[in-house]
Amino acid sequence: MSDILHPANEQSIAAAATALNEGGLVAFPTETVYGLGADATSDGAVAAVFAAKGRPRFNPLIIHFADADAARRAVIFNDHADTLAKALWPGALTLVLPRTKDCPVSLLASAGLDTLAVRVPDHPVAHEFLKACGSPVAAPSANPSGRVSPTTANHVLESLGEAVIMILDGGPCAVGLESTVVDVSGEAPALLRTGGITQDAIEALIGPLLVAGCDDAAPKSPGMMSRHYAPSIPIRINAETANPGEALLGFGPNAPRRSPNLSRSGDLNEAAANLFAMIRMLDQPGMSGIAVMKIPDTGLGIAINDRLRRAASKS
Ligand code: TXA
Ligand code: MG
């Protein structure tokens, strides 16, 4: 076993928090995907995150907190934020809010914006780790920029093992898609990224959201490039069968028995949890591409299809 990969327990969590507070990068599990954590108050540590991922500096990072009270010291809450945080934190929801005047988070982490994306993850290891760190933790998904997000500790080891001091292994991520990002900093809340919590669940709490790409008034998130989440071989979506040389990624009971299946029973939660790991598994140099069967565009299927479209995008 690698000496940087550690099963998460009291000792390894404490050691990981010490390494982070000394300026090092530490990967840790959340319910969505694994994060590449850095002390968000340190310009040097945050710069190291951008360098490790090869991430453009204009794409701001999500800042993680052990609980909502800690988040309130970094951003200014309003009624919409209060409602969403009460109902959905801890959970797969990121809120974009104005920075407080004395916000301790590095300006580099928010790419110089006067807003900050904040989240309280719903994972026992993330919770204990964030508590032990004591300060806000900047954590993008722990993958090279533009590639598939990691849903196991081994995924992190494969692609960013060189960059991190430690990887806390908390098993596979239960949700498997990144958090939903909602900008509640202005008058009209806007959906910036679909994710682990559905648009319907959010709209049930605070009413209709502006949606980038649908509403001209909706702001766009700096990081939502069209090509993203991409394996090294092409992806083809809404496939019925595989062409010669392609690997088929099935969905539902009618898919061929021999192909890997995101969810044989057609369960979208199960499909989301399997998505990134199965794409990685099929991303083999011997194959000409991955053909993914049609996923219904409802509930979590909307976020799954968003990721697949970006993975399939050529630009
Ligand atoms: O599930 C997740 O959200 C994972 C886990 C580790 O928490 N993190 C994650 O981070 O996906 P990242 O850095 O890969 O995605 C951050 C997204 C980007 O689309 C970025 O543009 C947006 O959040 N974002 C961050 N700060 C923002 C801000 N101030 N305003 C608008 N969008 C922001
Ligand atoms: Mg990412």
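Order of appearance sets the numbers: ligands from 1, and atoms from 1 within every ligand. All of these numbers come straight from a predicted model, not from anything done at the bench. Only this structure's heavy atoms are used, side chains among them; waters, hydrogens and symmetry mates stay out.
- At a 4.0 Å heavy-atom cut-off, ligand 1 touches V96 through the side chain alone.
- Close N/O approach between T115 and ligand 1 is found [any backbone or side-chain N/O within under 3.5 Å].
- When all heavy atoms of V148 and I279 are compared, the pair lying nearest together is CG2-CG2, 4.1 Å.
- Taking the six-membered ring for Trp and thresholds of 30 and 60 degrees, F276 and Y229 have nearly parallel ring planes, at less than 30 degrees apart.
- Of all the heavy atoms of S179, the ones lying under 4.0 Å from any atom of ligand 1 are found in both the backbone and the side chain.
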With side-chain contact (heavy atoms from CB on, under 4.5 Å) as the test, would you mind laying out the steps for T180 and T194 before giving the verdict? CA-CA 5 Å; T180 303; T194 58; 5.7 Å; no

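- For a distance bound of 2.8 Å, the N, O or S atoms of S149 include none lying that close to the Mg ion (ligand 2).
- Taking a 4.0 Å cut-off on heavy atoms, V33 registers as neighbouring ligand 1.
- Atoms of ligand 1 lying under 4.0 Å from at least one heavy atom of R119, given by number and element, are 1 (O), 2 (C), 3 (O), 5 (C), 7 (O).
- Atoms of ligand 1 found under 4.0 Å from any heavy atom of G35 (numbered from 1 in listed order, with element): 6 (C).
- For ligand 1 and T32, the ligand atoms under 4.0 Å from any heavy atom of the residue are 1 (O), 2 (C), 5 (C).
- Residue-ligand proximity, L113 to ligand 1, at heavy-atom distances under 4.0 Å covers atoms 28 (C), 29 (N), 30 (N).
- Among S141, G112, P98, the residue whose heavy atom sits closest to atom 9 (C) of ligand 1 is S141.
- Contacts between R55 and ligand 1 below 4.0 angstrom, taking non-hydrogen atoms only, involve the side chain exclusively.
- With a 4.0 Å cut-off on non-hydrogen atoms, N59 touches ligand 1 through its side chain and not its backbone.
- Here the CG-CD distance, from D122 to E31, works out to 5.0 Å after rounding to the nearest 0.5 Å.
- A salt bridge does not link E178 to R193: none of the charged nitrogens lies less than 4.0 Å from a carboxylate oxygen.
- Checked against a 3.5 angstrom limit, the closest N/O atoms of H64 and ligand 1 fall inside it.
- Taking a cut-off of under 4.0 Å to the non-hydrogen atoms of L192, the atoms of ligand 1 that pass are 31 (C), 32 (N).
- Ion pair K86/D82 not flagged as a salt bridge, since none of the NZ, NE, NH1 or NH2 atoms sits closer than 4.0 Å to an Asp/Glu carboxylate oxygen.
- Taking the charged nitrogens against the carboxylate oxygens, R72 and D67 have no contact shorter than 4.0 Å, which rules out a salt bridge.
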Check the pair R309 / I237 against side-chain contact (heavy atoms from CB on, under 4.5 Å), numbers first and verdict last. CA-CA 7 Å; R309 267 195 306 276; I237 53 182; 3.7 Å; yes

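- S42 places no side-chain N or O within donor-acceptor distance of the main-chain N or O of A38, the cut-off being under 3.5 Å.
- With distances taken over non-hydrogen atoms, the option nearest atom 15 (O) of ligand 1 out of R193, E31, K53, H123 is R193.
- Taking every heavy atom of A139 and a limit of under 4.0 angstrom, the matching atoms of ligand 1 come to 6 (C), 8 (N), 10 (O).
- Under a cut-off of 6.0 angstrom, the local environment of CG in D79 is sparse, with at most 12 non-hydrogen atoms contributed by other residues, nucleotides or ligands.
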